[in-house]
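Both ligands and their constituent atoms are indexed starting at 1 by order of listing. Heads up: numbering here begins at 1 and tracks the sequence.
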Amino acid sequence: MSNYHIKHLEEYYQVYRKSIREPENFWEEIAEEHFLWRKKWTNVLSWDFSKPEVKWFEGAKLNITENCIDRHLATRGDKTAIIFEPNNPTDKAEYISYKQLYERVNQFANVLKSKGVTKGDRVCIYVPMIPELAIATLACARIGAIHSVVFAGFSSKALSTRINDCDCKMVITADGSYRGNKTIDLKGVVDEALESCPGVKNVLVAKRINSKISMKVGRDFWLQPLLDSASKEGNAEVMDAEDPLFILYTSGSTGKPKGMVHSSAGYMVYTAYTFKNVFQYKENDVYWCTADIGWITGHSYIIYGPLANGATTVLFEGVPSYPNFGRFWEIVDKHKINQFYTAPTAIRALAKQGTELVEKYNLSSLKVLGSVGEPINEEAWHWYNENVGKKKSPIVDTWWQTETGGIMITPIPYVTPTKPTYATLPFIGIQPALMNENGDELKGNQVEGRLCIKFPWPSMARTIWGSHQRYKETYFSAFDNMYFTGDGALRDEVGYYRITGRVDDVIIVSGHNLGTAPIEDAINEHPAVAESAIVGFPHDIKGSALYGYITLKDAGESRNHKNLSKEINQLIADRIGPIAKLDKIQFTEGLPKTRSGKIMRRILRKIAHNEMDNLGDISTLLNPDVVQSIIDNKL
Ligand code: WTA
């Protein structure tokens, strides 16, 4: 018997040790006993971080949708797979059983095939949080097409960059989306993006808001009539273990977004296994993750992990503030949610509203609370624990990344004693290391360093689409023979980990990773701008917000700064998306630079953090005088 479900701390330590001592035997047992394979592997693991190359379950054949859907039909055909909770609370929720999911995914897969999509093709999915989003994703996986889901809040420019980077031949979208009391013209964004995407042959459009949109003859098709005439049956494509399942873009500190490529078998095994344990999911539980499927959290823990376990997973279209800040709690009460997984930024926004709205609803169904996306601060942790969990539901502070595919450091609820702001212990199979800047591993407890992972785990990304070299440089070059996460962390006296934040130029705003370079590029496109530098600064709700220091070409620029700020933020919204807008813009006469001309972001960061007396030695700067003037005019 494999240790698929861990129930005690002793068991955790025992299984953890086994997963480290005999990783291949360990994962082989898990894979063998809990998944459906068309053919078993010939080799459990081969790896070489210097290339880097990692292969899990090589030689195996499978389809992840047979694991997420088909195999449940006999025992869970009528069980609800997906609960769709619409934006508007007075609209009816939709309950999609495993049997219906099977039929709808097959119909969608058959439509994709009829439009010429085949195994290995890339399909871009730019769809709001409606059932079609999950179904389109699964339909791609069913026929072996590689899905690239793009968060439906990204701008047309961001969308076209992602479509072109991996040569998508099709885009799936909707006429529009609801967001609270607003609607968003998604098809308009797609049309604009496609002006610069010659490779896209077809666009499938789901009807959601019934808006008037233009349809390009021969290219664009309404989805529903095609689905209606498609068969509800269909065979899943047989995939190799290492065939790519999807690409998901994440921001880097430099350059264009990185298309992280995830595999089929390893990803499936690890997301399913983590889901089962990190949420202690039991057969009749109702699980809700509030993330958008456009992010990795939605891929792994709304779709694949839960469905691979035959779970009931909630898909929520709306926002926490509509029609009021009680919406999350209303949904917990309405669907009797047992596991609730959200982000610190949402918790902070809700905490700000006081406790009245939380107390109005019955939250007694809750058993596990999750947090993901950024470090959770102490205050938010306690508010969540006291007011939502009523001190009875353990908080799992789960640390992981788009690149890791699944949860890496986390408590297991009712197993690992929690500690506020600590992600606690490595999950089964995960071997973290803390490194100092000289490349030495910091052994023992009570140390702080750069967080790396020493040994491969099944769901790690295998490459960056189109640039294996960049994959190697970004993740495997900082430290020999290690995966470098980009995060800093400390290990306390009992070996618990606390993530201290990014050590690179990625800033996490409301749980969204934003690279500074692409934002600076957008700002610098403004004709009046000479140069810019972006840093993060602490923000009550967003965790971090963006502070932009901008110098103008003409210091006596006649237009007023308010208008310029507006124009600059509009440019950022157009190029990247509204999430990347700057909260503060300071126009400066110069930026502090080293003698070699490099902008000293460290100094700007300190100023934005109000740590002016701690700037260090600035005398070696090319232009030390500029620092005082920046401080004097600080916002
Ligand atoms: C941060 C999200 C502290 C971290 C799944 C990481 C966290 C980045 C936590 C990845 C956490 C995520 N505590 N920091 N529990 N979870 N992070 O790719 O900096 O959107 O590197 O994946 O978010 O963000 P991504």
Side-chain angles (χ1 to χ4, degrees), residues 149-151 153-154 246-253 257-262 267 270-271 274-275 278 289-305 341-348 369-378 380-381 384 394-411 416 418-427 430 432 448 450-453 459-461 464 474-475 478 483-490 496-515 536 542-544 579-580:
V149 181
V150 177
F151 172 59
F154 273 127
F246 65 86
I247 300 168
L248 185 59
Y249 286 88
T250 184
S251 312
S253 47
K258 298 171 286 189
M260 304 313 306
V261 179
H262 280 283
Y267 176 81
Y270 193 78
T271 54
T274 44
F275 175 76
V278 175
C289 164
T290 69
D292 193 288
I293 290 172
W295 312 116
I296 191 69
T297 307
H299 281 59
S300 303
Y301 299 108
I302 294 179
I303 302 183
Y304 291 114
Y341 192 26
T342 195
T345 183
I347 300 166
R348 288 190 294 264
L369 303 178
S371 171
V372 61
E374 59 184 303
I376 179 167
N377 51 307
E378 191 124 10
W381 195 97
Y384 200 23
I395 295 177
V396 288
D397 177 1
T398 64
W399 173 83
W400 58 296
Q401 309 178 293
T402 305
E403 295 85 340
T404 68
I407 294 168
M408 302 287 283
I409 302 184
T410 180
T416 320
T418 60
K419 176 172 175 181
T421 76
Y422 280 72
T424 74
L425 296 172
F427 190 72
I430 303 306
E448 180 167 355
R450 288 162 188 241
L451 178 61
C452 291
I453 313 289
S459 68
M460 64 189 293
I464 291 175
T474 312
Y475 304 105
Y483 166 81
F484 173 47
T485 64
D487 283 317
L490 62 83
Y496 274 15
Y497 287 84
R498 175 183 184 168
I499 312 302
T500 50
R502 302 288 311 181
V503 294
D504 56 11
D505 281 331
V506 171
I507 303 171
I508 304 192
V509 178
S510 298
H512 303 309
N513 298 3
L514 299 171
K542 301 178 181 183
S544 296
I579 47 176

Participant: With sequence neighbours excluded, what pairs up with Tyr384 under the ring-ring contact (aromatic ring centres under 6.0 Å, His included) test?
Facilitator: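 With sequence neighbours excluded, Tyr384 shows a ring-ring contact (aromatic ring centres under 6.0 Å, His included) to no residue whatsoever.
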Participant: Under a 3.5 Å cutoff, is there a donor and acceptor pairing between the side chains of Tyr267 and Ser300?
Facilitator: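 Judged by distance alone, the side chains do pair up.
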Participant: With Trp399, which residues qualify under ring-ring contact (aromatic ring centres under 6.0 Å, His included), at least two apart?
Facilitator: none
Participant: Would you check ligand 1 and list the protein residues that come within less than 4.0 Å of it by any heavy atom, ordered by chain and number?
Facilitator: Ile296, Thr297, Val372, Gly373, Glu374, Pro375, Asp397, Thr398, Trp399, Trp400, Gln401, Thr402, Asp487, Ile499, Arg502, Ile508, Asn513
Participant: Going by atom types alone, do Tyr341 and Thr297 pair a side-chain donor with an acceptor below 3.5 Å?
Facilitator: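 The answer is no; no qualifying pair exists.
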Participant: For Tyr497, enumerate each residue passing the ring-ring contact (aromatic ring centres under 6.0 Å, His included) test, keeping only those at least two apart in sequence or located in another chain.
Facilitator: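 Tyr497: no ring-ring contact (aromatic ring centres under 6.0 Å, His included) contacts found.
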Participant: Are Trp400 and Tyr301 an aromatic pair, judged by ring center distance below 6.0 Å?
Facilitator: yes
